[in-house]
Amino acid sequence: MKAPQEILAVWHQFDGFPMETLTKAWMHAKGDPKQRDVETMKRHRREYGITGNCFDLAIWLLDAFEEADIEAYPIGSELGTGKDHAAVMAVDRNGRRFLCDLGDQWLQPILIDGDDPAYADEKLAGFFPGAEVQVVPGKDAFQVIYHRPNGKFSTQAYLSEAVPMKDFLAAAEISQNNVYPKPLLEVRLPWEGETAHWEFDDWKSFLSTSKGLYEDPPLASVEEWVERVHEKSGFDRMVLKESLNFFKRLGKETVF
């Protein structure tokens with residue numbers, strides 16, 4: 001089920017990279033909203049510790065696969081609609097496809113071409129923080145079902161066919177020019193011998209684990225959120241302050 005070592009070696013270059021919309025808001029606050037190229041993203045990572053949204057991470061990951069001479073291509077769902085999700089498909093030497101989804105903070109890539117018909121019935125641990133996953137494969141599309149510790153489940157649909165890079169970059173540009181008014185950051189963090197999923201979403205934060213969900217205490221100011229998000233992500237405080245103030249101005253309602 002696990003990806004070959006050469007795919008994992010590229011994937012693990014992005015361990016500790018959050019998925020977030022804070023950088024997008026920071027770019028807007030600076031008056032420079034656009035899809036960044038890989039060199040700019042690398043420079044921002046060095047200078048400010050920041051990463052980006054699902055398009056940023058997918059473009060960056062594709063570049064890393066190309067550098068490692070591994071076949072990979074962009075995939076997505078609802079591109080250009082405002083409900084976009086972007087990811088990457090990597091292909092091993094035997095032609096097997098592996099979903100590589102940094103945007104949803106997977107722990108590792110997962111095979112979507114299971115040879116055994118029973119593969120679609122398996123609930124797999126160790127691929128997604130705080131949940132078991134079930135892959136329902138298909139030729140042109142597939143579905144992932146996330147099974148939570150409390151018995152709840154959610155689903156994510158993917159189109160598995162390659163998106164032409166021109167179209168993918170056009171969708172990325174649309175995404176970068178539109179800021180949803182609720183801040184979001186997701187990051188994988190070590191917790192009691194496992195990797196958990198910490199999320200800052202719409203001025204609330206919580207940790208998803210194999211034992212359930214743990215909510216953080218509420219905060220009363222941007223300054224307090226800057227410190228909490230900095231602690232979890234390592235992001236530069238100045239970038240966080242500018243970004244979160246942008247969200248506070250943009251949002252019609254905040255909790256403080």
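What you see below is based on every heavy atom in this structure, not just the backbone, and it leaves out hydrogens, waters and symmetry mates.
Residues Phe247 and Trp225 keep their aromatic ring centres 6.0 Å or farther apart.
Looking at every heavy atom in both residues, Glu186 comes nearest to Gly103 through OE1-O, 4.3 Å.
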Subject >> Check against side-chain contact (heavy atoms from CB on, under 4.5 Å), Glu20 and Val229 >> reply: CA-CA 11 Å; Glu20 41 86 13; Val229 177; over 6 Å; no

Subject >> Test side-chain contact (heavy atoms from CB on, under 4.5 Å) applied to Asp236 and Trp26, step by step >> reply: CA-CA 11 Å; Asp236 180 88; Trp26 177 63; over 6 Å; no

Subject >> Chi angles and distances behind the side-chain contact (heavy atoms from CB on, under 4.5 Å) call for Met19, Leu184 >> reply: CA-CA 8 Å; Met19 187 289 299; Leu184 175 66; 3.7 Å; yes

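The side-chain heavy atoms of Glu227 and Glu223, taken from C-beta on, include no pair separated by under 4.5 Å. Between Leu169 and Met165, the closest side-chain pair of non-hydrogen atoms falls below 4.5 Å. Within the 4.5 Å cutoff, no side-chain heavy atoms of Phe235 are placed close to those of Val187. At a threshold of 4.5 Å between non-hydrogen side-chain atoms, the residues Phe200 and Asp216 do not count as touching. At a threshold of 4.5 Å between non-hydrogen side-chain atoms, the residues Asp63 and Ile59 do not count as touching. The side-chain heavy atoms of Leu244 and Pro183, taken from C-beta on, include a pair separated by under 4.5 Å.
To the nearest 0.5 Å, atom OG of residue Ser243 and atom NZ of residue Lys248 are 14.0 Å apart. Rounding to the nearest 0.5 Å places CG of Leu189 at 9.0 Å from OG of Ser233. The structure places CG of Leu99 at 9.0 Å from CD of Gln156, a figure rounded to the nearest 0.5 Å. A distance of 6.5 Å separates CG of Asn245 from NZ of Lys241, quoted to the nearest 0.5 Å. Rounding to the nearest 0.5 Å places CG of Leu207 at 9.5 Å from CD of Glu192. To the nearest 0.5 angstrom, Arg97 atom CZ is 13.5 Å from Ile110 atom CD1.
Applying the ring-ring contact (aromatic ring centres under 6.0 Å, His included) test to residues at least two apart or on different chains, none of the pairs has a partner in residues 169-189.
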For residues 27-39, tabulate all N or O donor-acceptor pairs below 3.5 Å that involve a side-chain atom, not counting sequence neighbours.
residue: His28; atom: NE2; partner: Gln176; partner atom: O; Å: 2.7
residue: Gln35; atom: OE1; partner: Gln176; partner atom: NE2; Å: 2.8
residue: Gln35; atom: NE2; partner: Asp56; partner atom: OD1; Å: 2.8
residue: Arg36; atom: NH1; partner: His44; partner atom: ND1; Å: 3.1
residue: Arg36; atom: NH2; partner: Thr51; partner atom: O; Å: 2.5
residue: Arg36; atom: NH2; partner: Asp56; partner atom: OD2; Å: 3.4
residue: Asp37; atom: OD1; partner: Glu39; partner atom: N; Å: 3.4
residue: Asp37; atom: OD1; partner: Thr40; partner atom: N; Å: 2.8
residue: Asp37; atom: OD1; partner: Thr40; partner atom: OG1; Å: 2.7

Which pairs would a plain distance check flag for residues 70-83, meaning a side-chain donor or acceptor within less than 3.5 Å of a matching protein atom at least two apart in sequence or in another chain?
residue: Tyr73; atom: OH; partner: Ser160; partner atom: O; Å: 3.2
residue: Thr81; atom: OG1; partner: Glu78; partner atom: O; Å: 2.6
residue: Thr81; atom: OG1; partner: Lys83; partner atom: N; Å: 3.1

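Within a 6.0 Å sphere centred on CG of Asn150, other residues, nucleotides and ligands contribute more than 12 heavy atoms. Within a 6.0 Å radius of CD in Glu215, other residues, nucleotides and ligands contribute 12 heavy atoms or fewer.
Following chains of ILVMFWY side-chain contacts shorter than 4.5 Å, one can reach Tyr214 starting from Leu219, so the two form part of one hydrophobic cluster. Leu159 and Ile174 sit in two unconnected hydrophobic clusters of ILVMFWY residues. Membership requires side-chain heavy atoms under 4.5 Å apart, directly or through other members.
A perpendicular orientation is assigned to the rings of Phe14 and Trp60, their planes being inclined by more than 60° (bins at 30° and 60°). Ring orientation note: the planes of Phe168 and Phe55 are tilted relative to one another, at an angle of 30° to 60°.
Checked against Leu185 for a side-chain contact (heavy atoms from CB on, under 4.5 Å), the options Leu240, Thr23, Leu22, Thr21 give a single hit: Leu22.
The salt bridge (Lys or Arg N to Asp or Glu O under 4.0 Å) test applied to Glu194 returns no partner, not counting sequence neighbours. With sequence neighbours excluded, no residue forms a salt bridge (Lys or Arg N to Asp or Glu O under 4.0 Å) with Asp101.
One N or O on the side chain of Gln105 and one on the backbone of Leu102 form a donor-acceptor pair closer than 3.5 Å. Panel note: side chain Asn94, backbone Arg96; no donor-acceptor pair is recorded below 3.5 Å. In this structure, Arg188 contributes its side chain and Trp106 its backbone to a donor-acceptor pair below 3.5 Å. A distance-only check finds no donor-acceptor pair linking the side chain of Lys232 to the backbone of Glu199 [under 3.5 Å]. With hydrogens and angles ignored, the 3.5 Å screen pairs a side-chain donor or acceptor of Trp11 with a backbone N or O of Leu107.
Grouped by direct or indirect side-chain proximity (heavy atoms under 4.5 Å, Ile/Leu/Val/Met/Phe/Trp/Tyr only), Phe206 sits with Leu213.
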